[in-house]
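Letters A, B, ... are given to chains in the order of the sequence lines, protein chains preceding strands, and every chain is numbered from 1.
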Amino acid sequence: MLAAGAGLGVAKACALSLLVFTGASQFAAVGVVATGGGVLAATLGAILLGSRNGLYAVALRPLHRGQPWWRRAVAMQLTIDETAGLAAAQPDPRRARLAFWSMGLLLYACWNVGTLAGALAGSVLPDPRTLGLDAAFPAAFLSLVVALMRARPARAAALSGAALAVLTIPLLPAGIPVLVGALGVLVGLRAARGAVDPP
Amino acid sequence: MSWAVVAALAAGCFGFKALGYLLPDAWLERGLLPRLAVLVTPTLLAALVVVNTVSGDREIVVDARLPGVAVAALLAWRRAPLVVVVVAASAVTALVRAV
């Protein structure tokens with residue numbers, strides 16, 4: 001729907017969801033274009049936002065070890081916030097793999113069907129805000145992150161990251177505050193070290 | 001937005017996903033990188049949550065999303081299922097907007 005509003009056309013909106021498949025990056029790119037921002041800034045910002053998927057991939061490597069190359073390629077495309085979060089919250093590798101694949105494939109299907117429906121409906125459906133859907137995204141991410149925050153280092157990292165991100169919203173262009181939030185891992189590393197070597 | 005941009009976005013984002021999987025094992029066996037990787041998921045998700053809750057056009061905007069997300073936080077902490085959390089958050093936000 002957002003893409004239609006920005007004048008992208010159904011084909012491009014669907015292509016973004018099929019090929020990029022990273023919600024935050026897609027929203028960031030479309031959002032900047034919609035508000036008349038430069039295309040270069042939109043593209044760079046959106047790609048940078050997608051860099052966190054690379055870090056998720058590093059975390060998820062053990063899950064896909066020994067799989068045939070084509071399966072790993074599909075796994076790559078499906079590596080995003082939701083699948084990384086759900087997989088990370090599982091107690092063992094078998095369930096983690098199950099979580100990753102079921103969430104990944106389901107989400108890919110829903111995301112693309114939703115994009116098609118949204119793009120076609122364009123201005124016909126009510127504003128997503130009246131349905132409270134703009135709270136749905138953070139709520140979903142919250143559900144995933146709470147499970148990961150039981151350990152102290154993760155908690156410290158997450159809270160610092162959140163604080164850093166919020167503080168930089170007024171200072172930096174769209175998409176960048178989230179990346180700044182990544183610096184919260186440094187706090188988490190500190191907390192982990194503190195737990196291991198007591199003074 | 002031209003098709004070239006769509007292609008660039010696709011290539012850039014997929015590139016990052018692939019990179020994480022294709023780095024040599026030796027780089028990741030010990031040291032900083034594995035510990036960083038484990039911490040990065042909760043950190044970035046947390047940042048995403050707050051940014052999606054209070055960001056407007058380069059400013060902090062407190063609106064109906066906040067109570068929705070607050071309710072989500074409570075439910076998530078109480079280990080409610082994902083669907084419940086999302087539906088409750090949307091409902092609360094929609095209600096607050098309607099009032």
If Ile, Leu, Val, Met, Phe, Trp and Tyr residues are connected whenever their side-chain heavy atoms lie under 4.5 Å apart, and connections chain through other members, are [X] and [Y] in the same group?
X: A:V145; Y: A:V166; value: yes
X: B:V86; Y: A:L142; value: yes
X: A:M103; Y: A:L106; value: no
X: B:L95; Y: B:V85; value: no
X: A:V180; Y: A:L171; value: yes

request  = State which residues pass side-chain hydrogen bond (donor to acceptor under 3.5 Å, both in side chains) with A:R95; sequence neighbours excluded, sorted by chain then number.
outcome  =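 side-chain hydrogen bond (donor to acceptor under 3.5 Å, both in side chains) list for A:R95, sorted by chain: A:D92.
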message = Distance check, rounded to the nearest 0.5 Å: A:L183 atom CG versus B:T43 atom OG1?
response =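 Here the rounded value is 10.0 Å.
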key: Within residues 65-74 of chain B, residues adjacent to chain A where the heavy-atom gap is under 4.5 Å   =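 Listed by number: B:R65, B:V69, B:A72, B:A73.
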ask   = Are more than 12 heavy atoms from other residues, nucleotides or ligands located less than 6.0 Å from atom CZ of A:R150?
value =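 Correct, the count exceeds 12.
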request  = Please examine the side chains of A:I169 and B:V54, heavy atoms only from C-beta on, and report whether any two atoms are closer than 4.5 Å.
outcome  =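 With C-beta onward as the side chain, the pair touches.
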inquiry  = Suppose we screen for side-chain contact (heavy atoms from CB on, under 4.5 Å). Which residues come up paired with A:A151, at least two apart in sequence or across chains?
reply    =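 In terms of side-chain contact (heavy atoms from CB on, under 4.5 Å), with neighbours along the sequence ignored, A:A151 is linked to A:P153.
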inquiry  = Quick check: under 4.5 Å, non-hydrogen atoms only, which of residues 155-165 of chain A neighbour chain B?
reply    =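 Contacts with chain B: A:A157, A:A158, A:G161, A:A162, A:A165.
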query = When only pairs under 4.5 Å are counted, which of B:V87, B:V92, B:V49 shares the most heavy-atom pairs with chain A?
reply =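 Of the options given, most contacts go to B:V49.
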inquiry  = So which residue, A:V146, A:V185, A:V187, ends up with the most heavy-atom pairs under 4.5 Å with chain B?
reply    =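 Top option by heavy-atom pairs under 4.5 Å: A:V185.
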